[in-house]
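Below is one structure; the comments refer to it alone.
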Amino acid sequence: MNSISHIPKAEIHVHLEATITPSLCRKFAKRNKVILSDDFFGSEYAYQWEDFYDFLKKYDIVTSVIHTPEDYYELTYAYLKECASHNVLYLEAMVSSTHAKAKGMTYQSFLDSIQEASLNAERDFGIVSRYLMNGIRHLGPESVQGTAEEVLKNPHPAIVGFGLAGDELHFPPHLFSKTFDMLKEENFPITVHAGEWDGPENIRKAINLLHPTRLGHGVRSIEDLDLVKEIIEKDIVLETCPTSNIATKIYENYENHPVKKLHELGAKVTVNSDDPPFFNATIQGEYEAMSKIGFADDVLISMTRNAIEYSFLDNQKKKEVLTKLN
Ligand code: ADE
Ligand code: ZN
């Protein structure tokens, strides 16, 4: 039992495919006859990568062992079980239909498996979970548009929102404005990665062109206090991922990470693990790190409340989860 075990937690920024542990990775590789050299496994982090772009490449290689709906079931159930053991009440994870379809799964089959794992984990451990479909920026605007159209045409109970991930620096917001206008028109909940790698100018564009109610990371907004003010005024929640940002060398350590300052300025923040084994991150580790840099328990609980309140869960279920928190 660590010092943070008693704090109820929630996570709204984690890439489901990236939760794969080395043991599941080896198991799926064997089952699906994928040869994955030992070089992909690391000592500092569970998987080897050099920098962010190398991370994106290795991410694709490591997750390429996930081939079937059964793999998705096992992956989802395992992560939910782990989170529930650390008092996580609610989880919202990003998934990629581009990945699933590249491996031959149908849109319906991989989502049905995730949904089954979600329901079984809720029955077995009490953890509630929902999922966001991610468009991948560096696959280009047409790919993201196709992903979003499929989501809108095929409503699935597991999918409650749309996200945008990938290479933020080389694929700026304006490229995707048509897709996000379409999502907004349909009142489909939106979160986008912005302000992880790129600075205030493109965070502003992401807010104004892509209509998010949450920002993935958003931490580089600290470089422009007027932007922080705009984020607060527009009531946009920040899905911060401190350990991820330190691993990718955006910030040196937790003390230098802007999460505390953003909170002090009045921004609504949450903490999240992003790509857990790639960065040796865990959701309980994030809460623990925040406790160590001076966030009091009641503030940590308010982060959990932010995550649930600004989640894309339907109102009735949200009330149920908030009741557990209160
Ligand atoms: N996809 C997976 N992890 C990501 C990250 N940290 N930033 C952008 N895209 C990602
Ligand atoms: Zn992310």
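Whatever order the structure lists them in is the order used to number ligands and atoms, beginning at 1.
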Between [Y] and [X], is there a salt bridge with N-O shorter than 4.0 Å?
X	Y	value
Glu122	Lys317	yes
Lys249	Asp51	no
Glu309	Lys318	no
Lys27	Glu74	yes
Asp235	Lys268	yes
Lys58	Asp54	yes
Glu288	Lys9	no

Between ligand 1 and [X], can you find any atom pair, the residue atom being a heavy atom, that is separated by under 4.0 Å?
X	result
Trp197	no
Phe278	no
Ala18	no

Looking at [atom], what's its closest protein heavy atom, distance included?
atom	result
atom 9 (N) of ligand 1	Gly166 N, 2.9 Å
atom 1 (N) of ligand 1	His15 CE1, 3.4 Å
atom 7 (N) of ligand 1	Glu196 OE1, 2.7 Å

Is any N or O atom of Phe279, backbone or side chain, closer than 3.5 Å to an N or O atom of ligand 1? no
What's the NE2-the Zn ion (ligand 2)-OD1 angle here (His13, Asp274), rounded to 10 degrees?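 It rounds to 90°.
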Check [X] against ligand 1 and report side chain, backbone, both or neither, counting heavy atoms closer than 4.0 Å.
X	answer
Tyr59	side chain
Glu168	neither
Asp274	side chain

Determine the interplanar angle of the Phe279 and Tyr45 rings, folded into 0 to 90°, and report it as parallel if under 30°, tilted if 30 to 60°, perpendicular if over 60°. perpendicular
Please walk me through it: do Leu89 and Ile127 pass side chain to side chain contact (heavy atoms under 4.5 Å, CB included)? CA-CA 5 Å; Leu89 305 179; Ile127 183 168; over 6 Å; no
Considering Thr63, Asp275, Ile136 one by one, which has a heavy atom nearer to atom 3 (N) of ligand 1 than any of the others?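 The option holding the nearest heavy atom is Asp275.
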I'd like to know: is the Zn ion (ligand 2) within the 2.8 Å range of an N/O/S atom from His193, strictly under that distance? yes
Is the Zn ion (ligand 2) under 2.8 Å from any N, O or S atom of His217? no
Ligand-side contact atoms (ligand 1) for residue partner Ala165, heavy atom cut-off under 4.0 Å: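 The list of qualifying atoms is 9 (N).
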Determine whether Ile301 and Leu325 satisfy the following criterion, side chain to side chain contact (heavy atoms under 4.5 Å, CB included), listing intermediate values before the conclusion. CA-CA 8 Å; Ile301 293 169; Leu325 177 66; 3.9 Å; yes
